[in-house]
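As structure tokens, the structure follows; a few thoughts come after it.
Keep in mind that this is a model prediction, so the values were computed, not measured. Order of the sequence lines fixes the chain letters, A, B, ..., with proteins taken first and strands second; residue numbering starts at 1 for each chain.
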Number of protein chains: 2
Amino acid sequence: MDEAPARLRGKASWLINKTSLHAHRLRSEALAPVDAHGYHFAVLAALEEGEPASQADLSRRTGIDRSDMVEMVNELVDHGFVVRMPDQADRRRNVITMTATGRRRLAQLDDLLTQAQGELLAPLSAAERKQLLALLGRVLAYHAERSG
Amino acid sequence: MDEAPARLRGKASWLINKTSLHAHRLRSEALAPVDAHGYHFAVLAALEEGEPASQADLSRRTGIDRSDMVEMVNELVDHGFVVRMPDQADRRRNVITMTATGRRRLAQLDDLLTQAQGELLAPLSAAERKQLLALLGRVLAYHAERSG
DNA sequence: GGCTATCGTTGGCTTCGCCAACGTTGGATT
DNA sequence: AATCCAACGTTGGCGAAGCCAACGATAGCC
């Protein structure tokens, strides 16, 4: 790509979107070799922090739509990373539990993603990376609070 | 959305992606009332910095695919913001020129996007906004250089 | 004159985030 | 107890975004 117009380079929406594309590409490249989906990490991470959980719980924590969560849990079950069982106390729900293999998978994906993050933020110093993540985190927290 | 897992909150790819979604939503909401597309601004901005230009030129500068550029120019022509003419010197190309109306449109979209940016970065101070844009700019410049 | 590259254009593909609807179940209200 | 409403998992589908392949036409190079 040639040099982008100054007007574009100053627009947050453009900067963030383009950066997001690079991040997505790097993430996909990092996860493809182990046949993983970005959502898998999100679900396992959410599960780790509150186990067991219903699919609706996981949806709320990850921001992944319930309907998409169904397929993600399917895949995780197929690989033996989680177990899905009907909730006896509330038969509308499924109880999702992580397996030992799932825990190892979570660690593996975390490693791969951390590595991909290193490539993404390569031009930044450690302090700057921290700064960037903090700023994004604050923006995100702000908007998460006012839109569910 | 409930509180996101710590593991997710620390992953750049997740933070950037989620932020990008908010940015995209705000941008769409800002531009919808005037029936504009985010790409329209990109094309007009690129055109402003180097006019006239071929569609391929605009593609390279904006990062928009040539095939998508066709439709964008169609729409801009329909609204009278740009003029498309065959290049006499190189008959493979089209010469795209901005009209006076197009220049006003560019200013209008810039205003709307600046406003949307204000909402997106609302929780940040002026200095922090500047910092965020600068960091993203550097990340972007780095990756733009090594992948065309 | 022949090879290669570029251009605009068409058509299509995949992913992603999202929404609507359904049947099932639980909880609250009356 | 009967009724109403909300939540759950699931299916199916939608639109936008980014991307790629291929084509005919044209230009430049050897």
Side-chain angles (χ1 to χ4, degrees), chain A residues 1-2 13-14 16-29 31-32 36-40 42-43 52-77 82 84-96 143 147-148, chain B residues 1-2 13-14 16-29 31-32 36-43 52-77 82 84-96 147-148:
Chain A
M1 193 167 74
D2 287 5
S13 124
W14 189 80
I16 292 178
N17 188 43
K18 286 292 182 192
T19 309
S20 173
L21 287 180
H22 284 291
H24 185 273
R25 180 178 47 79
L26 289 169
R27 187 180 59 188
S28 297
E29 288 173 2
L31 297 185
H37 191 286
Y39 280 175
H40 293 171
V43 174
S54 71
Q55 294 178 198
D57 288 337
L58 297 175
S59 289
R60 279 185 291 267
R61 289 189 225 154
T62 58
I64 300 174
D65 193 87
R66 320 186 274 180
S67 59
D68 300 320
M69 183 61 67
V70 175
E71 177 61 15
M72 289 306 115
V73 174
N74 284 344
E75 295 176 12
L76 291 173
V77 167
V82 304
R84 174 199 267 141
M85 291 183 54
D87 188 335
Q88 300 299 346
D90 185 345
R91 306 222 309 278
R92 292 171 301 182
R93 307 188 180 201
N94 288 335
V95 177
I96 311 298
H143 289 285
S147 76
Chain B
M1 192 167 74
D2 288 5
S13 125
W14 189 80
I16 292 178
N17 189 42
K18 287 291 183 193
T19 309
S20 174
L21 285 180
H22 283 290
H24 184 274
R25 180 177 46 79
L26 289 169
R27 187 181 57 188
S28 296
E29 288 174 3
L31 297 185
H37 191 287
Y39 280 174
H40 292 172
F41 174 75
V43 174
S54 71
Q55 294 178 198
D57 287 338
L58 297 175
S59 288
R60 278 185 291 266
R61 288 190 226 154
T62 58
I64 301 173
D65 193 85
R66 311 187 282 179
S67 60
D68 300 318
M69 183 61 67
V70 175
E71 176 61 16
M72 289 306 117
V73 174
N74 284 345
E75 295 176 13
L76 291 172
V77 166
V82 306
R84 174 199 267 139
M85 290 182 55
D87 189 335
Q88 300 302 346
D90 184 343
R91 307 221 310 275
R92 293 172 300 181
R93 306 188 181 202
N94 287 336
V95 176
I96 311 299
S147 76

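Side-chain atoms of Asp90(B) lie closest to dT26(D) of the nucleotides dT26(D), dC8(D), dC18(C). Which of dA27(D), dG26(C), dG8(C) sits closest to the side chain of Arg91(B) comes down to dA27(D). Checking dC20(D), dT10(D), dA27(D) against every side-chain atom of Ser67(B), the shortest atom distance belongs to dC20(D). Side-chain atoms of His24(B) lie closest to dA16(D) of the nucleotides dA16(D), dT11(D), dT25(C).
Side-chain nitrogen and oxygen atoms of Gln55(A) include none within less than 4.0 Å of the OP1 or OP2 phosphate oxygen of dA7(D). For dT9(C), one of the phosphate oxygens OP1 or OP2 lies less than 4.0 angstrom from a side-chain nitrogen or oxygen of Asn94(B). Taking 4.0 angstrom as the limit, Arg84(B) places a side-chain polar atom (N or O) nearer than this to OP1 or OP2 of dT9(C).
Checked by distance alone, Arg92(A) brings no side-chain donor or acceptor within 3.5 Å of a matching partner on the base of dT24(C). Side chain Asp68(B) to base dC19(D): a donor-acceptor pair is found below 3.5 Å.
Here the side chains of Arg93(B) and Asp57(B) are in contact, with some heavy-atom distance below 4.5 Å.
As a whole-Å value, the separation of Asp87(B) CG from dT9(C) P is 13 Å. Put simply, CE on Met69(A) is 20 Å from P on dG12(D), counting in whole angstrom units. Here the P atom of nucleotide dG15(D) and the NE2 atom of His37(B) are 15 Å apart, to the nearest Å.
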